[in-house]
Each structure stands twice: as structure tokens, then as C-alpha cells.
S.K.: 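The structure's right below; bear with me while I get my questions together.
Everything numeric here is computed off the predicted structure, so don't read it as measured data. Note that these values count all heavy atoms, side chains included, but never hydrogens, waters or copies made by symmetry.
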Amino acid sequence: MTETTPTAAAPSPKKLLLGTAAALAVAAVGLVVFVLPAEYGIDPTGAGAALGLTQLADGEKENIYLKRGQARTNVLFPLEASQEQDRLVVNEVFAEKGVTLPAGAQLQSDRFQVELLPYEGIELKYVLDTGAPMWFSWYADGPVNVDMHSHPFAGGTEATESFVIADLRNQSAVYVAPFKGIHGWYWQNRTMQPVKLTLDAVGLMAGSKIFDQGGEHDRPLSPPPVAGAVQGSAPGA
């Protein structure tokens with residue numbers, strides 16, 4: 001007697017139709033809520049403005065800020081992302097870029113980690129005085145749209161200057177604050193998959209701030225819990 005192996009029943013046409021309709025509905029929501037506001041400034045539901053996506057389509061205004069920032073010199077010095085941020089190397093890198101730390105200056109270190117959901121954005125800013133240096137390196141496991149910018153306390157957001165606006169996965173550089181204010185990045189995940197991002201920074205930061213859908217929040221510096229974290233006085237202290 002021959003046994004017959006049962007086979008799984010094929011989905012009915014009705015189930016196939018419902019599954020296809022559900023997938024199309026999800027794609028349509030993503031298009032209307034996320035893609036159209038961010039890429040084209042079209043926001044039929046108003047959700048794009050609430051999520052801060054429509055500003056990403058405003059290329060003209062961002063280019064004005066970028067033009068200001070790129071007119072500056074001796075502010076941003078790109079580095080290889082693989083360099084380790086230990087204290088000795090930090091001092092060497094600052095010296096190589098012509099950055100002189102004041103005697104007794106307290107170097108601070110910080111690590112920031114975040115997971116960005118599809119089309120979610122977040123802004124991190126460090127408080128820096130005029131001429132204060134910072135060495136930073138960040139990495140994301142997927143592409144993010146980044147606007148590295150700053151604005152002075154005197155003048156506010158209308159005096160914003162952008163230094164990099166691009167789609168990147170990583171960035172490493174020495175940054176020297178051109179004025180007293182807040183300096184950092186706006187990152188946005190423009191994909192439909194979550195993206196994890198980690199930033200390490202060391203320098204003369206006096207604090208940091210987060211800007212998200214809930215508004216502005218003060219954030220304490222959080223040194224990385226690993227050997228070689230940089231924190232201490234500059235040479236000559």
C-alpha cells in the first residue's frame with residue numbers, strides 16, 4: 001500500500017487578493033506619509049510637517065546655510081574613520097591640524113547611540129565655545145541623510161551654517177567651533193528599514209542637546225565604557 005504525503009493547501013484567490021491589497025495599502029501609506037513630504041514637499045495629510053519631513057524638501061534654504069558654512073576655513077578637517085580616539089592620538093591629531101589646547105583644558109568624551117525608524121530623524125548638538133575643538137566619528141549600519149551644522153547663541157537659527165549635507169554611512173573629522181553656540185548633526189533615515197547609529201566624540205564640549213519630536217532636551221555627556229576613553233587635562237596642566 002502506497003502512502004500519500006499530504007501537501008499544503010494553496011491559498012485561495014480571495015486570500016491572495018486580500019494579501020496583495022494589504023501590501024499595497026501599506027506601501028501607499030508610506031508613500032503619502034513619508035516619501036512625498038521628504039522628497040517633494042507634498043504633504044496631503046499634514047503628517048510630514050508634524051514629523052519634520054517637509055523641511056528636507058526645502059533645498060533652497062539649506063543651500064544658503066551650506067554656502068555660509070563652506071565659505072569658512074580651518075573649521076572642519078576630515079579624518080580616516082578607523083583612527084582610535086585615545087588621549088595620546090587625540091593630542092597628536094589636534095596638533096597636526098594646528099589646534100592648540102589651552103593649558104589645563106579638560107577634555108571630555110561622549111558616546112551617543114540611537115536607532116532611527118523609517119523616515120525618523122533626530123538632532124544632536126554639542127555646546128562649544130569659540131575655538132573649542134572636537135574630534136568626532138560616527139557610523140551607521142545603513143545610509144542616513146545628514147546635515148552637519150551649527151548656530152551661535154547670538155543670532156539663533158537664522159544664523160545657521162551647514163558644513164556637510166549628504167547621504168552618508170559614516171563621518172570622522174576634527175571640528176573647531178567658529179563661534180560660541182551649538183554644533184552638531186541632524187540625521188534622518190530615508191529608508192524603510194531601521195538604522196542604528198553610533199557617534200563618539202572627544203574635545204572641549206560643555207554639554208549636549210537633543211532635538212526630536214518632543215522638542216529640545218538637555219543631555220548629559222556619556223563617556224564610552226571602554227578602555228582608552230579620553231577624559232583628562234591637556235598637556236601642561
S.K.: Working to the nearest 0.5 Å, report the span between CG of Leu221 and OG of Ser109.
M.R.: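 Output value for this atom pair is 8.0 Å.
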S.K.: Please determine whether the number of non-hydrogen atoms from other residues, nucleotides or ligands lying under 6.0 Å from atom NZ of Lys180 exceeds 12.
M.R.: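 Count not over threshold, so no.
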S.K.: With the side chain counted from C-beta on, respond yes when Val174 and Leu79 share a heavy-atom pair under 4.5 Å apart, and no when they do not.
M.R.: yes
S.K.: Going by heavy atoms in the side chains, are Gln171 and Met148 under 4.5 Å from each other?
M.R.: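 Side chain of Gln171 against side chain of Met148, heavy atoms only: contact under 4.5 Å found.
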S.K.: For the atom pair CD (Gln193) and CG (Asp141), what is the distance rounded to the nearest 0.5 Å?
M.R.: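 Between Gln193 CD and Asp141 CG, I get 10.5 Å after rounding to 0.5 Å.
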S.K.: Please report whether the ring centroid of Phe163 lies less than 6.0 Å from that of Tyr175.
M.R.: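 Centroid separation for Tyr175 and Phe163: below 6.0 Å.
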S.K.: Can you confirm whether Leu101 sits close enough to Leu107 that some side-chain heavy atom of one is under 4.5 Å from a side-chain heavy atom of the other?
M.R.: yes
S.K.: Quick one: closest heavy-atom pair of Ala177 and Leu128, and the distance?
M.R.: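 Shortest heavy-atom separation between Ala177 and Leu128 comes out as CB-CB, 3.8 Å.
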S.K.: Testing Arg68, Gln70, Arg72 for side chain to side chain donor-acceptor pair (under 3.5 Å) with Glu161, which one passes?
M.R.: Arg72
S.K.: Heavy atoms, side chains only, cut-off 4.5 Å: are Trp185 and Phe136 in contact?
M.R.: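 Trp185 vs Phe136: side chains touch.
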S.K.: Between Ser222 and Arg111, do the side chains contain a donor N or O and an acceptor N or O under 3.5 Å apart?
M.R.: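 The answer is no; no qualifying pair exists.
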S.K.: Working to the nearest 0.5 Å, report the span between CD of Gln188 and CG of Asp167.
M.R.: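 It is 10.0 Å, given to the nearest 0.5 Å.
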S.K.: Can you confirm whether Tyr139 sits close enough to Thr198 that some side-chain heavy atom of one is under 4.5 Å from a side-chain heavy atom of the other?
M.R.: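 Result no, sub-4.5 Å side-chain heavy-atom pair not found.
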S.K.: Apply side chain to side chain contact (heavy atoms under 4.5 Å, CB included) to the pair His217 and Asp212, showing each step before the final yes or no.
M.R.: CA-CA 8 Å; His217 318 282; Asp212 57 21; 2.9 Å; yes
S.K.: Search all heavy atoms of Ser150 against all heavy atoms of Phe179 and return the closest pair with its distance.
M.R.: OG-CZ, 3.4 Å
S.K.: Quick check, are the ring centers of Phe112 and Trp138 under 6.0 angstrom apart?
M.R.: no
S.K.: Atom CD in Glu216, atom CD1 in Ile182: separation rounded to 0.5 Å?
M.R.: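 It is 6.0 Å, given to the nearest 0.5 Å.
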S.K.: Can you check side chain to side chain contact (heavy atoms under 4.5 Å, CB included) on Val114 and Leu116, steps first, answer last?
M.R.: CA-CA 6 Å; Val114 67; Leu116 297 174; 4.3 Å; yes
S.K.: Do Met205 and Phe211 sit in one hydrophobic cluster, given that two such residues count as connected whenever their side-chain heavy atoms are within less than 4.5 Å of each other, even indirectly?
M.R.: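 Each belongs to a different hydrophobic cluster.
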S.K.: Could you give the distance from OG1 (Thr160) to NE2 (His151), rounded to the nearest 0.5 Å?
M.R.: 5.5 Å
S.K.: Cluster question for you: counting only ILVMFWY and a side-chain heavy-atom cut-off of under 4.5 Å, with indirect links fine, are Met134 and Val146 together?
M.R.: yes
S.K.: Taking the side chain from Gln108 and the backbone from Leu204, do they hold a donor-acceptor pair closer than 3.5 Å?
M.R.: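 The answer is no, because no donor-acceptor pair under 3.5 Å joins these two groups.
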S.K.: Give me the atom names and distance for the closest heavy-atom approach of Val99 to Pro133.
M.R.: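 Val99 and Pro133 have their closest heavy atoms at CG1-CB, 3.4 Å.
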S.K.: Quick one: does Arg219's side chain get under 4.5 Å of Leu124's, heavy atoms only?
M.R.: yes
S.K.: Does any non-hydrogen side-chain atom of Asn170 lie less than 4.5 Å from one of Ser137?
M.R.: no
S.K.: Do Val176 and Val75 have side chains that approach each other closer than 4.5 Å (heavy atoms only, starting at C-beta)?
M.R.: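 The answer is no, as the side chains (C-beta and beyond) never meet within the 4.5 Å cut-off.
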S.K.: Taking atom types as modelled, find out whether Tyr126 and Asp110 have a side-chain donor-acceptor pair closer than 3.5 angstrom.
M.R.: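 Yes, a side-chain donor-acceptor pair sits under 3.5 Å.
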S.K.: So, for Pro78 and Leu76, which heavy atoms are closest and what is the spacing to 0.1 Å?
M.R.: CD-O, 3.6 Å
S.K.: Please report the shortest heavy-atom distance between Pro143 and Val195, naming the atom on each side.
M.R.: O-CG2, 4.3 Å
S.K.: Are Tyr186 and His149 close enough that their ring centres sit under 6.0 Å apart?
M.R.: no
S.K.: To the nearest 0.5 Å, tell me how far Asn189 CG sits from Lys196 NZ.
M.R.: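 Spacing of CG (Asn189) from NZ (Lys196) equals 13.0 Å.
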S.K.: Have Glu123 and Trp187 got a donor and an acceptor in their side chains that come within less than 3.5 Å?
M.R.: no
